[in-house]
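Lettering follows sequence order; numbering is per chain, from 1. Predicted model only: the values in this text are computed from it and were never measured.
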Number of protein chains: 2
Amino acid sequence: MPPIVTAFATSPDRGRGLARDVRVRWALEEVGEPYDIRLLGFAELKQPAHLARSPFGQIPTYEEDGLALFETGSIVLHIGQSRAELLPADPAARARAISWIFAAVNTVEPPVIELQNAVLLEHDRPWHGERLPAVKDRVRDRLEQLSAHLGDAEWLDGAFSAGDLMMVHVLLRLRPSGLLDEFHNLAAYVARAEARPAYQRAFAAQLAVFEAALQGNP
Amino acid sequence: MPPIVTAFATSPDRGRGLARDVRVRWALEEVGEPYDIRLLGFAELKQPAHLARSPFGQIPTYEEDGLALFETGSIVLHIGQSRAELLPADPAARARAISWIFAAVNTVEPPVIELQNAVLLEHDRPWHGERLPAVKDRVRDRLEQLSAHLGDAEWLDGAFSAGDLMMVHVLLRLRPSGLLDEFHNLAAYVARAEARPAYQRAFAAQLAVFEAALQGNP
């Protein structure tokens, strides 16, 4: 039985690949592992059946041989630990790649989420225009540091790893804001990752779900 | 040589134990491993020597036998993986505990950071009072789900694990807001963790650093 990954039946981003199931699809494509998708409507996310898999009612989850995991960082790490392609074999290099997974979700993503909340949840509040520049600057602070670390390197620490996969997907969520394009090496880093065949397969698969839903043919 | 952990020379929270080095001190106390602390002033955080350890100029970092790690989630996971006390031996239970580490830093902590930013960085802005309730509600949404999951259980998933350690420290950062006390089972969960001798040793050690700095005797 292939693992089962949950995803939105109708992606809120209209197939742009920003929902977090893409991280798991991409990781599974990198390691060449087939998977099944279970699509969930928004109401189903809050039902007991899904909360038993995902206590915060989120997608994606990952089920394999009776194991049920939540949180993309945890799922991508699990996939990387049990197959060879996503984490270096050398223990020190592997531990550093895991540091980058956490940097993606706990240092870079929080200001990205704050910006997303400002744009999605507070765009009609009277303070929105005056507040937005400071929120963007908090994102820029992190991008400057990440850009300085990356320099002219291809990936964050040696070969492509699960750390790059997680970081790139966090950065992709910034593209609509224009902030990513302020840092040429980061924009090129993201484009390099998007050119990977595994990413392209993952992106196409989530887009196909959205287009099928659009045609009422899920 | 014991591992070396970096921490603030002068804790911005005045010894209340909210800086992230406490997570690493606590994990090392749980596994009974001695460690050395290297204290850094704020200016040192942005120096090349520290940026080589921590690309975002943060504390804590962890150095051991030539391995240098950053991000508390990664460090606590590393400590848990190489010693027995912080992660279950059963692979499925271990993978779920790691899901909880990620839930702490990527699902619960981002709205906590947003609230902290509102209080620390935007308290003097004209919109602060009107905006704060919605920011608090975003934290409450996560606490409600976490409280529903925990129920009457002692810890998040079976025995105390690195997932509890990370979650409790994220929740501790909410105590000044009063939000934690709105959820009795979460307040009791945090108090149960604080009563652990390993936590108490970690807390006392960071407090001693602050008090020594106060007396000009670091």
Asker: Is B:Leu69 close to chain A through its backbone or its side chain, or both, or neither, when contacts mean heavy atoms under 4.5 Å?
Answerer: both
Asker: Specify which of A:Ile75, A:Thr107, A:Ile113 makes the most heavy-atom pairs with chain B at under 4.5 Å.
Answerer: A:Thr107
Asker: Let me know if A:Leu156 has heavy atoms under 4.5 Å from chain B in its side chain, its backbone, both or neither.
Answerer: neither
Asker: For the pair A:Trp100 and B:Phe56, name the ring-plane relationship: parallel under 30°, tilted 30 to 60°, perpendicular over 60°.
Answerer: perpendicular
Asker: Just give me the residue among A:Val108, A:Val105, A:Leu51 that pairs up with chain B most often, heavy atom to heavy atom, under 4.5 Å.
Answerer: A:Val105
Asker: Is there a donor-acceptor pair under 3.5 Å between the side chain of A:Ser99 and the backbone N or O of B:Phe70?
Answerer: yes
Asker: Which heavy atom in B:Ala95 sits nearest to a heavy atom in A:Leu67, and how many Å separate them?
Answerer: CB-CD1, 4.1 Å
Asker: If we define contacts as heavy-atom pairs under 4.5 Å, which of A:Pro110, A:Ala103, A:Pro126 has the most with chain B?
Answerer: A:Ala103
Asker: List the steps and the verdict of side-chain contact (heavy atoms from CB on, under 4.5 Å) for A:Asn106 and B:Asn106.
Answerer: CA-CA 6 Å; A:Asn106 199 27; B:Asn106 199 27; over 6 Å; no
Asker: Of the backbone (N, CA, C, O) and the side chain (C-beta and beyond), which part of B:Arg131 lies under 4.5 Å from a heavy atom of chain A, both, or neither?
Answerer: both
Asker: Is A:Ile98 close to chain B through its backbone or its side chain, or both, or neither, when contacts mean heavy atoms under 4.5 Å?
Answerer: both
Asker: Taking 4.0 angstrom as the limit, do A:Arg138 and B:Glu122 come out as a salt bridge?
Answerer: yes
Asker: So which heavy atom on A:Gln145 is nearest to which on B:Pro55, and how close?
Answerer: CB-O, 3.7 Å
Asker: Run A:Gln81 and B:Gln81 through side-chain contact (heavy atoms from CB on, under 4.5 Å) and show every step you take.
Answerer: CA-CA 12 Å; A:Gln81 277 177 331; B:Gln81 277 177 331; 3.0 Å; yes
Asker: Do B:Glu144 and A:Lys46 sit within salt-bridge range, that is, some charged N less than 4.0 Å from a carboxylate O?
Answerer: no
Asker: Do you know which two heavy atoms are closest between B:Ala68 and A:Arg96, and how far apart they sit?
Answerer: O-CG, 3.8 Å
Asker: Given the options A:Asn117, A:Leu146, A:Ile101, which has more heavy-atom pairs under 4.5 Å with chain B than any of the others?
Answerer: A:Asn117
Asker: For A:Asp124, look at atom CG and say whether over 12 heavy atoms of other residues, nucleotides or ligands are found less than 6.0 Å away.
Answerer: yes
Asker: Before you tell me yes or no, could you show the steps for B:Leu77 and A:Phe102 under side-chain contact (heavy atoms from CB on, under 4.5 Å), namely the whole-Å CA-CA distance, both residues' side-chain angles and the distance that decides it to 0.1 Å?
Answerer: CA-CA 10 Å; B:Leu77 178 60; A:Phe102 279 99; 4.1 Å; yes
Asker: For A:Glu64, is it the side chain, the backbone, both or neither that has a heavy atom under 4.5 Å from a heavy atom of chain B?
Answerer: neither
